[in-house]
Amino acid sequence: MGIRQKLLSFLFSQLILVLMVSNHNNAMGLKLGYYHKTCPNAESIISKTTYRFISRAPTLAAPLLRMHFHDCFVRGCDGSVLLNSTKTSISEKDAIPNQSLRGYHVIDAVKSAVEEACSGVVSCADILALVARDSVSMIHGPYWKVPLGRRDGRVSILNEVFAELPAPFANITQLKQMFAAKGLNTKDLAVLSGGHTIGTSHCLGFTNRLYNFTGKGDTDPSMDPNYIVKLKQKCKPRDTTALVEMDPGSFKTFDEAYYTLVAKRRGLFQSDSALLDDPETKAYVILQASTHGSTFAKDFSESMVKMGQVGVLTGNQGEIRKHCALVN
């Protein structure tokens with residue numbers, strides 16, 4: 001390793017350290033039962049309103065979980081993914097990776113129900129964290145306690161999405177670096193990838209693996225060839241509208257089946273297959289696949305609490321938005 005590389009490596013590790021320390025200090029500002037005095041019914045209002053939607057459309061759970069993830073990875077968990085674009089700036093919401101997000105109407109309904117009970121008290125960032133948790137638990141996934149007290153950010157920039165959000169085409173090195181930059185470790189990467197047990201994807205997220213992996217009209221050798229045949233029946237080249245289940249057969253249920261698929265080389269995205277390219281993430285995949293997810297629910301709860309504390313604004317930082325799509 002040359003001096004320049006050593007220096008870059010050192011600077012990168014120092015940057016991560018600084019981010020983790022500031023992250024930790026802010027996360028200390030979050031606590032369980034934060035609204036106990038200022039809005040005592042906040043959590044039950046959020047839960048009831050969320051249930052109204054999830055009971056009618058359980059498939060909303062996946063995009064709502066994903067929305068929280070997409071929010072936390074860009075500028076931290078500050079509700080910036082909820083902001084609309086303005087005349088002067090295009091927001092995260094309009095970036096290609098976020099154009100497939102849905103469920104904003106759920107967040108809006110929850111926010112207006114909470115505003116009716118106690119105006120200007122509960123942040124959109126906290127609502128997003130609670131709705132993601134409630135949605136998952138309502139489709140038989142784990143339930144975890146969410147420390148609250150996040151404030152809403154005032155800034156949302158389209159280009160930051162591409163720099164910060166892990167892409168479905170990412171390899172294991174890129175994924176580990178992007179998670180590390182958020183203070184999340186290799187285990188968190190393996191655990192949070194399990195969120196792909198629910199939901200669907202447009203063909204666009206993986207068709208390069210079926211038709212043109214290296215630009216020579218070939219398929220991805222890391223994917224089960226029989227699975228490729230099945231996927232080709234659902235996704236024709238340049239198909240932009242068809243939807244494919246990420247976890248075929250149980251895409252509406254939060255379970256460990258995702259790991260069984262990945263172990264069989266049937267992960268839909270390159271970022272799923274990439275979990276087999278690292279000893280630690282591979283061991284985690286094999287463990288969950290072979291033990292029917294013995295520790296998955298507990299691990300997922302812990303990693304979600306950790307992710308929900310990334311880059312949070314607390315105290316006097318940011319604001320409490322009146323409407324989640326607009327700054328005050």
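As the structure is a prediction and not an experimental result, all values here were calculated from the model.
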Solution key, residues 189-196 side-chain donor-acceptor pairs under 3.5 Å, sequence neighbours excluded:
from : atom 1 : to   : atom 2 : distance (Å)
S193 : OG     : L189 : O      : 2.7
H196 : ND1    : D272 : OD1    : 2.9

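More than 12 heavy atoms of other residues, nucleotides or ligands sit less than 6.0 Å from atom CD1 of I286. The 12-atom threshold is exceeded at CZ of F162, counting heavy atoms of other residues, nucleotides or ligands nearer than 6.0 Å. The local environment of NZ in K282 is sparse, with at most 12 non-hydrogen atoms from other residues, nucleotides or ligands closer than 6.0 Å. Taking a 6.0 Å sphere around NZ of K322, one finds it holds 12 or fewer heavy atoms contributed by other residues, nucleotides or ligands. Other residues, nucleotides and ligands place no more than 12 heavy atoms under 6.0 Å from the CD1 atom of I96.
Checking D78 against Q317 by side-chain atom types alone, no donor-acceptor pair falls below 3.5 Å. Looking only at atom types and distance, the side chain of Y284 has no donor-acceptor partner in the side chain of E280 under 3.5 Å away. With hydrogens and angles left out, the side-chain atoms of Y35 and D126 include a donor and acceptor closer than 3.5 Å. Side chain to side chain, E256 and T197 fail the donor-acceptor criterion of an N or O pair below 3.5 Å.
Checked for salt-bridge contact, E302 and K298 meet the test: a charged N lies under 4.0 Å from a carboxylate O.
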F213 and F206: CA distance, side-chain angles, deciding distance, ring-ring contact (aromatic ring centres under 6.0 Å, His included) verdict: CA-CA 10 Å; F213 190 59; F206 58 88; over 10 Å; no
Chi angles and distances behind the side chain to side chain contact (heavy atoms under 4.5 Å, CB included) call for V161, H70: CA-CA 8 Å; V161 175; H70 283 217; 5.9 Å; no
Side chain to side chain contact (heavy atoms under 4.5 Å, CB included) assessment of V74 paired with V81: CA-CA 8 Å; V74 185; V81 75; over 6 Å; no
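Qualifying salt bridge (Lys or Arg N to Asp or Glu O under 4.0 Å) partners for K187, counting only residues two or more places apart in sequence or in other chains: D299. Partners of S55 according to the side-chain hydrogen bond (donor to acceptor under 3.5 Å, both in side chains) rule, which considers only residues two or more places apart in sequence or in another chain, do not exist here.
Both L64 and F300 are assigned to one and the same hydrophobic cluster, defined by single-linkage of ILVMFWY side chains at heavy-atom distances under 4.5 Å. Residues V122 and L148 share a single hydrophobic cluster, defined by chaining ILVMFWY side chains whose heavy atoms lie under 4.5 Å apart.
By the 4.5 Å heavy-atom criterion applied to side chains, S156 and K93 are not counted as neighbours.
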